[in-house]
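Chain letters run A, B, ... following the sequence lines, proteins first and then strands; every chain starts at 1.
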There are 2 protein chains.
Amino acid sequence: MKLSTKGRYGLKAMLDLAIHHSEGQISLKSIAERQDISENYLEQLFAILRKSGIVKSIRGSQGGYVLAQGPDSITVGSILRALEGSLAPVDCVMETEPAQCNRAEGCVTKLIWKKIRDSVNDVVDSITLEDLITEYKKANNKDDYMYYI
Amino acid sequence: MKLSTKGRYGLKAMLDLAIHHSEGQISLKSIAERQDISENYLEQLFAILRKSGIVKSIRGSQGGYVLAQGPDSITVGSILRALEGSLAPVDCVMETEPAQCNRAEGCVTKLIWKKIRDSVNDVVDSITLEDLITEYKKANNKDDYMYYI
DNA sequence: GAAAAGCCGAGTAATATACTTGGGATTGGG
DNA sequence: CCCAATCCCAAGTATATTACTCGGCTTTTC
């Protein structure tokens, strides 16, 4: 039941991007340095995020990434699901195209997997990047951030 | 964020065992056949469950396993955590000996991981094997069960 | 005493993860 | 106009994990 580095790194990087939202596009290189993540690996994560419509890219020198919407419109859930796929604990209860199971009729454990899925989704869908920025400012109690996330 | 077969098979097997609770000890062979799980693999899972005090074994011919407590006292959470380890989505928020992180101070994403952990635990700790048996009887609407779980 | 069960440790094939590598395309600044 | 910075993309790879299998021992009933 662990999240992979995709979700963990991806969310950290997205929060970093959100914190720098007002500065225009931000290069992956700078995010990678601040968050101590492989830049090449981050590229792969941002390719997914871009295709999901969560970030926009600006190519060329001085290019980078920007949030596609305001931080208050981007939920943690949309980021995690983009990167990790469904957060369902078992494939048979994935939101889209659930895996077929020959014993699905009268399957009792499925009820549990659905409850877990829904409760995880409820948590992550209720938190936006804006919320995290607020928490971040509170925790670090300063205006020039330490960039530690 | 997927559960492994340990958790999935283990819970199915435990529910099977609970359904046959009144019949005394049940052999892994019969559970393996009904649930279509490798018997050798089930052995490993039940070794864990036994060491966790969730089931008791009876050795020798005609031996098998029995629930260590009544189905109403065994939660899905205790079974899943025994088999899967902590259900925390990230090691830094495991209930016991959380992984140390050099950026733990002011870490914002950690708040999310804790919320996910707690909500998953709340779900699985609120469901007992007894609850599942009840659901099972309701879904299958008969007294001699199909044993499909 | 033989068969049926649990117990145990080691081995292994397949899969997934977490990257790295090497290049190509685009664009701003000198 | 070139070049460095940056995004873009596909493929390769080392490591770890998963999901088992295998072989043999121990205990107990019939």
Counting only distance, no hydrogens or angles, is the base of [N] paired donor-acceptor with the side chain of [X] under 3.5 Å?
X	N	value
Arg59(B)	dA5(C)	no
Gln44(B)	dT21(D)	yes
Glu43(B)	dC8(C)	yes

Query raised in the report: Can you find a side-chain donor-acceptor pair between Tyr65(A) and Ser27(A) that sits under 3.5 Å?
Result: no
Query - Expected output: side-chain Ser57(A) to main-chain Arg59(A) donor-acceptor under 3.5 Å - result: no
Query raised in the report: Is there a donor-acceptor pair under 3.5 Å between the side chain of Glu84(B) and the backbone N or O of Leu3(B)?
Result: no
Could you tell me how far apart [X] ([atom1]) and [N] ([atom2]) are, to the nearest whole angstrom?
X	N	atom1	atom2	result
Leu49(A)	dC9(D)	CG	P	14 Å
Met1(A)	dT17(D)	CE	P	18 Å
Lys6(A)	dT17(C)	NZ	C1'	8 Å
Phe46(B)	dC8(C)	CZ	C1'	17 Å
Leu45(B)	dC8(C)	CG	C1'	15 Å
Ile58(B)	dA4(C)	CD1	C1'	14 Å
Arg8(A)	dC19(C)	CZ	C1'	13 Å
Lys51(B)	dC7(C)	NZ	C1'	9 Å

Query raised in the report: Between Gln62(A) and Asn40(A), who's closer to the 5' end of DNA chain C by nearest nucleotide?
Result: Asn40(A)
Query raised in the report: So what does Tyr65(A) touch, heavy atoms closer than 4.0 Å: a base, only the sugar-phosphate, or nothing?
Result: sugar-phosphate
Query raised in the report: Which part of the nucleic acid, if any, lies within reach of Gly63(A) when heavy atoms closer than 4.0 Å are counted: base, sugar-phosphate only, or nothing?
Result: sugar-phosphate
Please confirm whether the shortest side-chain N or O distance from [X] to OP1 or OP2 of [N] is below 4.0 Å.
X	N	result
Ser4(B)	dA19(D)	yes
Ser61(B)	dA3(C)	no
Tyr41(B)	dT18(D)	no
Ser27(A)	dC7(D)	no

Report task. Report the C-alpha separation of Asp131(A) and Thr128(A) in whole Å, then their side-chain angles, then the decisive distance to 0.1 Å, and conclude whether the side chain to side chain donor-acceptor pair (under 3.5 Å) test is met. Result -> CA-CA 5 Å; Asp131(A) 297 330; Thr128(A) 66; 3.2 Å; yes
**Report entry** Nearest to side-chain heavy atoms of Ser38(B), which nucleotide of dC20(D), dC7(D), dC19(C)
**Finding:** dC20(D)
Query raised in the report: Picking from dA5(C), dT26(C), dC7(C), which would you name as closest to the side chain of Arg50(B)?
Result: dC7(C)
Query - Whether over 12 other heavy atoms sit under 6.0 Å from Lys2(B) NZ - result: yes
